[in-house]
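Comments concern the structure below.
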Amino acid sequence: MKSTEHNGFTEAWERSKPFLVNAVNYLGLHTVDDVLEEIEEGSAVFYPVKDGAAVFKLTEYPEKRLLTIWLYGGEMASNIEGVLEAAEFHAKELGCTELMIVGRRGWERVLKPHGFIHRGILLTKDTGD
């Protein structure tokens, strides 16, 4: 079921949108409207929490199927347990073997106690255009 089909989606989306704007602005790869489009198409799952929201996406590679916690915005510490439980639920439903997060350095500190390990870094360079 698409997350847009749940009762209260519109209200939860409007409440959570400001948190997600901050998350998408971090890398500047998407707008919040792009995110909503992916949620509406069913290629991403919206998970609202108190004072924040998460968006999950299925990521498939030749050797692994992962659930990516694609975006998270808002108060992290008090919501992380619920977000991780929801992510693990969706990962199992989709046949994923791992969860993956690409994000700010603060994620490592918060997620290490939950079994996440550092596997690399993401580097970008503006080409001046």
Side-chain angles (χ1 to χ4, degrees):
M1 174 184 271
K2 293 181 186 178
S3 52
T4 56
E5 294 173 359
H6 291 278
N7 288 336
F9 171 82
T10 302
E11 180 184 327
W13 176 257
E14 290 303 320
R15 179 182 50 77
S16 301
K17 195 158 70 169
F19 299 113
L20 294 174
V21 167
N22 292 334
V24 296
N25 286 343
Y26 184 65
L27 288 177
L29 301 174
H30 304 85
T31 66
V32 74
D33 291 332
D34 297 329
V35 174
L36 177 58
E37 187 175 311
E38 292 209 32
I39 294 166
E40 289 173 337
E41 291 171 356
S43 61
V45 176
F46 171 64
Y47 185 75
V49 294
K50 184 181 183 217
D51 301 323
V55 181
F56 312 135
K57 279 182 83 163
L58 175 65
T59 307
E60 295 188 80
Y61 296 98
E63 301 298 320
K64 287 186 181 180
R65 184 177 207 163
L66 310 173
L67 186 77
T68 301
I69 300 175
W70 177 33
L71 298 168
Y72 183 84
E75 211 305 296
M76 187 187 311
S78 64
N79 293 313
I80 197 65
E81 298 284 337
V83 169
L84 293 177
E85 283 178 24
E88 288 184 23
F89 170 82
H90 287 288
K92 288 175 185 172
E93 289 287 307
L94 295 168
C96 298
T97 58
E98 291 182 30
L99 294 177
M100 179 173 73
I101 297 173
V102 176
R104 297 180 177 132
R105 282 196 171 167
W107 277 102
E108 184 175 6
R109 176 183 40 78
V110 171
L111 294 171
K112 191 173 184 176
H114 297 279
F116 284 79
I117 61 170
H118 179 100
R119 287 221 172 134
I121 60 170
L122 172 69
L123 301 171
T124 63
K125 180 182 183 230
D126 188 347
T127 59
D129 290 345

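In this chain, residues are counted from 1 in sequence order.
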- [ ] Using the test salt bridge (Lys or Arg N to Asp or Glu O under 4.0 Å), find all partners of Glu85 that sit at least two apart in sequence or belong to another chain.
- [x] none
- [ ] Might you work through the side chain to side chain contact (heavy atoms under 4.5 Å, CB included) test for Val32 and Phe19, ending with a clear yes or no?
- [x] CA-CA 10 Å; Val32 74; Phe19 299 113; over 6 Å; no
- [ ] Please name all residues satisfying side-chain contact (heavy atoms from CB on, under 4.5 Å) with Val102, sequence neighbours left out, ordered by chain then number.
- [x] Leu122
- [ ] Give, for atom NZ of Lys57 and atom CD1 of Ile39, the distance between the pair rounded to the nearest 0.5 Å.
- [x] 10.0 Å
TODO: Just grab all the salt bridge (Lys or Arg N to Asp or Glu O under 4.0 Å) pairs involving residues 64-83, residues at least two apart or on different chains.
DONE: Glu60-Arg65, Lys64-Glu98
Task: Glu11 atom CD, neighbour heavy-atom count above 12 within 6.0 Å - done: no
TODO: State which residues pass side-chain contact (heavy atoms from CB on, under 4.5 Å) with Ile121; sequence neighbours excluded, sorted by chain then number.
DONE: His118, Leu123
Open item on the list: Test: side chain to side chain donor-acceptor pair (under 3.5 Å). Region: residues 15-33. Which pairs qualify, not counting sequence neighbours?
Closed with: Thr31-Asp34
Task: Atom pair CG/CG of Leu111 and Leu99 - distance to nearest 0.5 Å - done: 9.5 Å
TODO: Could you tell me whether the side chain of Thr59 reaches within less than 4.5 Å of the side chain of Trp70, counting heavy atoms only?
DONE: no
TODO: Mind running side chain to side chain contact (heavy atoms under 4.5 Å, CB included) on Leu58 and Val45 for me, showing each step along the way?
DONE: CA-CA 9 Å; Leu58 175 65; Val45 176; over 6 Å; no
- [ ] Measure the spacing between CG of Leu71 and CZ of Phe46 and express it to the nearest 0.5 Å.
- [x] 11.0 Å
Task: Residues that, via side-chain heavy atoms closer than 4.5 angstrom, fall in one hydrophobic cluster with Met100 - done: Tyr61, Leu66
TODO: Kindly indicate whether the side chain of Leu20, heavy atoms from C-beta on, has any atom under 4.5 Å from the side chain of Trp13.
DONE: yes
Open item on the list: I need the minimum non-hydrogen distance between Val83 and Ala54, along with the two atoms involved.
Closed with: CG1-CB, 4.0 Å
Task: Partners meeting side-chain hydrogen bond (donor to acceptor under 3.5 Å, both in side chains) with Ser43 (sequence neighbours left out) - done: Glu38
TODO: Find the distance between CZ (Phe116) and CG (Leu84) and round it off to the nearest 0.5 Å.
DONE: 5.0 Å
TODO: Check whether any side-chain heavy atom of Tyr47 lies under 4.5 Å from a side-chain heavy atom of Asn79, and answer yes or no.
DONE: no
Task: Summary of ring-ring contact (aromatic ring centres under 6.0 Å, His included) pairs that have at least one residue in residues 72-113, sequence neighbours excluded - done: Phe56-His90, Tyr72-Trp107
TODO: Identify the heavy atoms of Ala44 and Val55 that sit nearest to each other, and give their distance.
DONE: CB-CG1, 3.7 Å
